[in-house]
Protein chains: 2
Amino acid sequence: MTMTTQDRHETEKLLTPAEVAALFRVDPKTVTRWAKAGKLTSIRTLGGHRRYRESEVRDLLGGGH
Amino acid sequence: MTMTTQDRHETEKLLTPAEVAALFRVDPKTVTRWAKAGKLTSIRTLGGHRRYRESEVRDLLGGGH
DNA sequence: CGTGACTGGGGTAATTTGGGGA
DNA sequence: TTTGTCCAAATTACCCCAGTCA
């Protein structure tokens, strides 16, 4: 199952701050700081809340060993 | 439904250094040394703090007799 | 249009990291 | 050789409340 080049972001699954925090075993506020520091890509809702790319989070979790 | 030795690490529950240290009754610094020596798998937060796999810790605690 | 849960922002404790030495 | 402790700096956790989400 080869992807042409990359998935279109329209179909990218997004995670809430609480979900990302649970995966890293940190506080949701810590995930917010990562986004502010540019360490993690964040998508903004129209109200200002952040959402994160599942693929990026999974990559960061597995790439650290 | 055969599964490899362990589940996907993305859903693995993680422990903080203090929690692992309490389980082994050692100083958190000692847990850090185990991780550096490769005796214990460590996942890193984006800030550099370590997290440890609960299943691995539980295995080491119970398998040591 | 309410209700309950979650999030953002700020500020302050607590934990973790890393090196070095006992 | 393994472990515990001292130090400074960095990272993370918990407190508040107003606004957003579903």
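All chains are named by letter (A, B, ...) in the order of the sequence lines, taking the proteins before the strands, and each is independently numbered beginning at 1. Note that the coordinates shown come from a computational prediction; the quantities given were computed from them, not determined experimentally.
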### Message
Less than 4.0 angstrom between a side-chain N/O of A/R50 and OP1 or OP2 of C/dT7, yes or no?
### Response
no

### Message
Under 4.0 Å from OP1 or OP2 of D/dT12: is there any side-chain N or O of A/W34 that close?
### Response
yes

### Query
Is there side-chain contact between A/T41 and A/Y52, with at least one heavy-atom pair below 4.5 Å?
no

### Query
Looking at side-chain heavy atoms only, is the closest gap between B/L61 and B/F24 below 4.5 Å?
yes

#### Entry: Heavy-atom side-chain proximity of A/V26 to B/R51 below 4.5 angstrom
yes

So which protein N/O to nucleotides 18-22 of chain D N/O distances come out below 3.5 Å?
{"residue": "D/dC21", "atom": "OP1", "partner": "A/T45", "partner atom": "OG1", "Å": "3.0"}
{"residue": "D/dC21", "atom": "OP1", "partner": "A/G47", "partner atom": "N", "Å": "2.7"}

### Reported OG1-to-CZ distance for the pair A/T45 and A/R50, which is rounded to 0.5 angstrom
10.0 Å

#### Entry: Side-chain N or O of A/T32 closer than 4.0 Å to phosphate OP1/OP2 of C/dG8
yes

### Listed once per pair and sorted, the salt bridge (charged side-chain N to carboxylate O under 4.0 Å, His left out) pairs that draw on residues 17-46 of chain A, sequence neighbours left out
A/R25-B/E19

#### Entry: Selection from C/dG10, C/dT17, D/dT11 that lies nearest to any side-chain heavy atom of A/K29
C/dG10

#### Entry: Distance in Å, B/E56 CD paired with B/S42 OG, rounded so as to fall on 0.5 Å steps
9.0 Å

### Message
Within the 4.5 Å heavy-atom criterion, are B/L15 and B/L23 side-chain neighbours or not?
### Response
yes

### Task
Report yes if a side-chain nitrogen or oxygen of B/K36 is closer than 4.0 Å to either non-bridging phosphate oxygen (OP1 or OP2) of C/dG19; otherwise report no.
yes

### Watson-Crick or G-U stems involving DNA chain C, each at least 3 pairs long, distances under 3.5 Å, ordered by first number
C:3-19 with D:6-22

### Query
Quick one: on DNA chain C, does A/R33 or A/Y52 contact a more 5' nucleotide (nearest heavy atom)?
A/Y52

### Task
Report yes if some heavy atom in the side chain of B/L40 is under 4.5 Å from a heavy atom in the side chain of B/L60; otherwise report no.
yes

